[in-house]
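Read the structure below first, then the notes.
In each ligand, atom 1 is the first atom listed, and ligand 1 is the first ligand listed.
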Amino acid sequence: MINSLNMSPIKIRKICCIGAGYVGGPTMSVIADRCPELEIRVVDINKERIAAWNDSDLNKLPIFEPGLDQIISRTRGRNLFFSSEMKKSIFGADMIFISVNTPTKTKGLGAGQASDLSWLEASARQVAKYANGHTIVVEKSTLPVRTAQAIKEILNTANRENQKNKISKTFSVLSNPEFLAEGTAIKDLENPDRVLIGGEDPDAVKALVNIYLNWVPRKQIICTNLWSSELSKLAANAFLAQRISSINSISAFCEATGADIQEVATAIGMDKRIGNQFLCAGPGFGGSCFKKDILNLVYLSGYFGLPEVANYWNQVLLLNTWQQDRIYKIVLEKLFGTVGGKNIAILGFSFKANTNDTRESPAIRIASDLLEEGALLSIYDPKVSFKRIREDLEQFSSNNQGTWKMASSIPDALENVDAVLILTAWDEFFGLDWNSLASLMRSPAWIFDTRSVVNRKDIEDTSLNLWKLGEGN
Ligand code: NAD
Ligand code: UDX
């Protein structure tokens, strides 16, 4: 643990971030905003993505995050630059963040569980090749424990070759995992619960601490060894996901017994030892992180000879898929055992509100299952594009008996449907005028509310049937 905070002898002037995705883009935008003296270059191999980051129309930024457009309008072209110029951006940088994707491996040893580190390795090799002088390399991506060792080996190999050629290059590797959640990324980055920095080189650690000190109080910056930092990120995501599986398991219990999940969540959440966050029952967790990171934890547990630990965490994932299957089966059962040829509206396709991200969204599995049963879906989401939905559904299922179309508004989605299934808690789905919407739907129509957005008293004077997740009769 490093406590003393003397000035670091390393002065950071130029930063490069490899990877302009959901983490790299917002993270670097906030650093640029809070540290105007730093020059930050965000590079990506995806030229289309870079072009979108540079689009003068801020509505066309590649990701949607509340508040991001304002920060980009302040920083872009001032001290924040997006480009595909890898060599130039790495060459001039004092500090390089690696923020590339680390998805689950689909082939080879560990397929389906271990992280695919090919993008990370390619980035490390680029850094080894193009860096100049002393460079601090920061792992921003979420990585398996002990990955920093592999990065060091790649960098040191390059170092040995450079020494032969009398070129001076040295590296320090730090781990600085990112805890932002999508939809609240800017808020989380500007006001983080904590910043975690793992590393062995105290000067490099101090240099990174000094950057965060521009807006994060010192007591919220934790410095640990490399492996604790890498493992803490996986463990934090596993704990969060575990809470969701726990509350979802209780939601099924509520439906079976007449208890109410909202009441139960409030009652247990008021215990300070439990806390009230992450107790919203829903259609299961989605997003690019929870499943991937737990799978990785499961894989590593097996690798380190801890099968009981692996089984324990795997159960969090099994429960999550079960919850999605359960919802699909309830829709089927309430619609008299068949959805073939029936019109069903899906409200919300992103994995949570306030993001256009659909990775691992529960909507993908549930919509695909309904399509396989022959349902005719009209899908409405305020931010997710037609192209994204098409790719998600095509990738997930090859045996669609039904069809789907994109709706342009909530009334458009509900036109002539037998049921509406609410899968994301977008603000605009709350407080709807169900009286007038009911007249668009085919009677007797159902509302299936998996996110607790519908107030039962708002449908009292309509012919609608309401099923709410976690609400027993
Ligand atoms: P992403 O897929 O949105 O972005 C990664 C980007 O890296 C892509 O644009 C890709 O083209 C680029 N890239 C890959 N290899 C490259 C290379 N060699 N050179 C240049 N660019 C390259 O991923 P993301 O959601 O930003 O996640 C990045 C990492 O952060 C992952 O490890 C993830 O687990 C972690 N993380 C994500 C979140 C989140 O909410 N999305 C939160 C915390 C941590
Ligand atoms: C998560 C972590 O929260 C974040 O710290 C980490 O850096 C990345 O992974 P993210 O996946 O973006 O962030 O969103 P999060 O708010 O955690 O939601 C994940 C999923 O869980 C969503 O599908 C959400 O709807 C669901 N969820 C969340 C619930 O079902 N109930 C809850 O109470 C909270």
Which residue and atom name correspond to the protein heavy atom nearest atom 27 (O) of ligand 1, and how close is it?
Val23 CG2, 4.1 Å
For ligand 1, find out whether one of its N or O atoms is nearer than 3.5 Å to an N or O atom of Tyr22.
yes
Residue list, side chain to side chain donor-acceptor pair (under 3.5 Å) with Lys105, at least two apart or on another chain
none
Which residue and atom name correspond to the protein heavy atom nearest atom 14 (C) of ligand 1, and how close is it?
Asn101 OD1, 3.1 Å
Would you check if the side chain of Ser141 reaches a backbone N or O of Val100 as a donor-acceptor pair within less than 3.5 Å?
yes
Taking only heavy atoms of Glu182, which atoms of ligand 1 are found under 4.0 Å from at least one of them?
39 (C), 40 (O), 41 (N)
Relative to Phe179, does Arg194 satisfy both conditions: NZ or CZ under 6.0 angstrom from the six-membered ring centre, and within 45 degrees of the ring's axis?
yes
Verify whether one side chain among Asp392 and Thr358 offers a donor that lies under 3.5 Å from an acceptor in the other.
yes
Considering heavy atoms of the protein only, find what lies nearest to atom 21 (N) of ligand 1 and give residue, atom and distance to 0.1 Å.
Ile45 N, 3.3 Å
List the closest protein heavy-atom neighbour of atom 25 (O) of ligand 1: residue, atom name, distance to the nearest 0.1 Å.
Arg359 NH2, 3.0 Å
Ring center gap for Phe386 and Trp404 short of 6.0 angstrom:
yes
To the nearest 0.1 Å, how far is atom 15 (N) of ligand 1 from its closest protein heavy atom, and which atom is that?
Trp119 CD1, 3.2 Å
Subset of ligand 1 atoms that lie under 4.0 Å from at least one heavy atom of Asn46:
11 (O)
Six-ring centre of Phe81, Arg41 cation under 6.0 angstrom, axis tolerance 45°:
yes
Should we say atom CZ of Phe64 is surrounded by more than 12 heavy atoms from elsewhere, each under 6.0 Å from it?
yes
Are Gln113 and Tyr303 linked by a side-chain donor-acceptor pair shorter than 3.5 Å?
no
Within 4.0 Å of some non-hydrogen atom of Ser288, the atoms of ligand 1 are 41 (N)
Tell me which pairs pass side chain to side chain donor-acceptor pair (under 3.5 Å) where either residue lies in residues 258-268, with sequence neighbours left out.
Gln262-Ser452
Proximal ligand 1 atoms for Gly19, defined as those under 4.0 Å from one of its heavy atoms:
6 (C), 7 (O), 12 (C), 21 (N)
In terms of atom number and element, which parts of ligand 1 are under 4.0 angstrom from non-hydrogen atoms of Ser123?
17 (C), 18 (N)
Under 4.0 Å, heavy-atom basis, I'd like to know which part of Leu143 is in contact with ligand 1: side chain, backbone, both or neither.
neither
Are side-chain N/O atoms of Asp44 and Trp53 paired as donor and acceptor at under 3.5 Å?
no
What protein heavy atom is closest to atom 35 (C) of ligand 1, reported as residue, atom name and distance in Å?
Thr142 OG1, 3.4 Å
Test item: side-chain donor near acceptor, Asn225 and Ser228, under 3.5 Å
yes
Who passes side-chain contact (heavy atoms from CB on, under 4.5 Å) against Asn214, sequence neighbours left out?
Cys35, Glu37
Just to be sure I read this right, does ligand 1 sit under 4.0 Å from the backbone of Ser141, its side chain, both, or neither, counting only heavy atoms?
both
Considering distance alone, does some N or O of Lys233 sit under 3.5 Å from an N or O of ligand 1?
no
Expected contact list for ligand 2 at under 4.0 angstrom, heavy-atom basis, is Glu178, Phe179, Leu180, Ala181, Glu182, Lys233, Asn237, Leu240, Ile244, Phe278, Leu279, Cys280, Phe285, Gly286, Cys289, Phe290, Phe351, Lys352, Arg451
Of Phe239, Phe351, Phe285, which meets ring-ring contact (aromatic ring centres under 6.0 Å, His included) against Phe290?
Phe285
Considering only heavy atoms, which of Val100, Ile63, Asn296, Leu120 lies nearest to atom 29 (C) of ligand 1?
Val100
Should you measure from each heavy atom of Cys289, which atoms of ligand 1 turn up under 4.0 Å away?
36 (N), 37 (C), 38 (C), 39 (C), 42 (C)
With atoms numbered from 1 as shown, which atoms in ligand 1 lie under 4.0 angstrom from a non-hydrogen atom of Ser99?
5 (C), 28 (C)
Within the 3.5 Å criterion, strictly below it, is a donor on Ser99 or Glu178 matched to an acceptor on the partner's side chain?
no
Polar contact flag, side-chain donor to acceptor under 3.5 angstrom, Gln323-Arg326
yes
Please indicate whether Lys152 has more than 12 foreign heavy atoms, meaning atoms of other residues, nucleotides or ligands, lying under 6.0 Å from its NZ.
yes
Nearest-contact summary for atom 34 (O) of ligand 1 - protein heavy atom, Å
Lys292 NZ, 2.6 Å
Kindly check if the number of other-residue, nucleotide or ligand heavy atoms within 6.0 Å of CZ (Arg13) is above 12?
no
Any nitrogen or oxygen of Thr102 lying under 3.5 Å from a nitrogen or oxygen in ligand 1? Just yes or no.
yes
Atoms in ligand 1 flagged as close to Met86, the criterion being non-hydrogen separation under 4.0 Å:
19 (N), 20 (C)
Can you check which of Gln126, Glu65, Arg49 brings a heavy atom nearest to atom 8 (C) of ligand 1?
Arg49
Among all protein heavy atoms, pick out the one at the shortest distance from atom 12 (C) of ligand 1; state its residue, atom name and that distance to 0.1 Å.
Asp44 OD2, 3.2 Å
Any idea which part of Glu139 is under 4.0 Å from ligand 1, heavy-atom wise: side chain, backbone, both or neither?
neither
For a quick check under 3.5 Å, do Gln242 and Tyr312 share a side-chain donor-acceptor pair by atom type?
yes
Indicate, as side chain, backbone, both or neither, the part of Ile18 found under 4.0 angstrom from ligand 1 when only non-hydrogen atoms are considered.
side chain
